[in-house]
Amino acid sequence: MADTSDSVSVDMDAISPGVKELLIETRNGSVSVAVFGDQDKPALVTYPDLALNYVSCFEGLLFCPEACSLLLHNFCIYHISPPGHELGAAAIGLDEPLLSVDDLADQIAEVLNFFGLGAVMCMGVTAGAYILSLFAMKYRHRVLGLILVSPICKAPSWTEWLYNKAMSNLLYFYGMCGVAKEILLMRYFGKETRGGSHGPESDIVQACRRSLDERQSLNVWRFLEAINGRADISEGLRKLQCRSLIFVGASSPFHSEALHMTSKLDRRFSALVEVQACGSMVTEEQPHAMMIPMEYFLMGYGLYRAPKLCVSPRSPLSPSCIAPELLSPESMGLKLKPIKTRISVEA
């Protein structure tokens, strides 16, 4: 099992300059946190999807020049990995108890305490979006806002539960085998990106496939067991008062879940952005599609893009791509409307 001392600093500069990774001990085991940026700035906490970490889930977004000028200008980013998902993680012993989604949400609170953080902005993808949403429900005063990508909020359907159980058995008995990787890639990416008979596999899928080879299959199995045992938090979402911005790929297998979640959030404080030609992991597949909605969302908090960097001429987005309602101060400032905004991104 990974080292469980109070905090162990790992030099990550060779992997991602400016990132320092800490292994923090909590009541529910150790958790890895990669810190990127000036810790005197407001905090943005991220949580990735199943079998991913901050490199494989958020690197595409954060390496965009626009994101650098928007997010790193305004925040210090704290990337929390599910237990045993960090780079170079050892296998967690089978004698260690399985954690529930509540345990994982409570870990986040302990991480914030470790760094002396108060209220934070949160960004999560699918399973990570569920953990952060649950955290926001349990610790409302500690969440300023939620940026959720292809989120889930209901208990697994019988179909999903059986599907997850099949993958769980593959991970437990056969490790990160070819079939398990294909199931995960279908979870993350749309058909156009995955390639096949209609085209070659994209570079980001190939990179993700390599990153899955580095995961400890039993650690992924533990996280999958927690997510497959999740409860329906739909009704609790109604009580959230923080603002929420939801992105979902039109080809995501969790598309209907994201629409359901939007319907449950307070209409005054939530907005939905649907990205065409994209699966669940918008952060990697179409990161530019997130820029303008996030910029206007953060304007409601008095945050802004660094003036020295403007929108990249390579970006497929312009204000005309976004519905006028999303760009209005009333929508993305004090009061957010749950609008369905389609963004078409050319390949």
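The figures here come from the full heavy-atom set of this structure, side chains too, leaving out hydrogens, waters and symmetry mates.
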Residue that, paired with Leu50, satisfies side-chain contact (heavy atoms from CB on, under 4.5 Å) out of Ile227, Val125, Val220, Asn164:
Val220
Taking C-beta and beyond as the side chain, do Tyr301 and Arg243 meet within less than 4.5 Å on heavy atoms?
yes
State, yes or no, whether a side-chain contact exists between Ile92 and Gln216 at a heavy-atom distance under 4.5 Å.
no
Would one find more than 12 heavy atoms of other residues, nucleotides or ligands at under 6.0 Å from atom OH of Tyr139?
yes
Would a distance-only check, ignoring hydrogens and angles, find a side-chain to backbone donor-acceptor pair under 3.5 Å from Lys41 to His73?
yes
For Asn28, does its backbone N or O pair with a side-chain atom of Gln107 as donor and acceptor, under 3.5 Å?
yes
Do the ring planes of His85 and Phe223 sit parallel (below 30°), tilted (30 to 60°) or perpendicular (above 60°)?
perpendicular
Which atom pair, heavy atoms only, marks the closest approach of [X] to [Y]?
X      : Y      : result
Thr283 : Pro287 : O-CB, 3.4 Å
Glu284 : Ser56  : CG-O, 3.5 Å
Pro48  : Pro82  : CG-CD, 3.5 Å

State whether Glu201 and Arg209 are salt-bridged, where the test is any N-O pair (Lys NZ or Arg NE/NH1/NH2 against Asp/Glu carboxylate O) under 4.0 Å.
yes
With salt bridge (charged side-chain N to carboxylate O under 4.0 Å, His left out) as the test, pick out the partner of Asp106 among Lys138, Arg142, Arg27.
Lys138
Can you run down the salt bridge (Lys or Arg N to Asp or Glu O under 4.0 Å) pairs that involve residues 161-178, sequence neighbours left out, and say none if there aren't any?
Lys165-Glu225
Return all side-chain donor-acceptor pairs below 3.5 angstrom for residues 145-157, not counting sequence neighbours, or 'none' if the list is empty.
residue : atom : partner : partner atom : Å
Ser150  : OG   : Ser280  : O            : 2.8
Ser157  : OG   : Glu160  : N            : 3.1

To the nearest 0.5 Å, how far apart are CD1 in Ile24 and CZ in Phe114?
4.5 Å
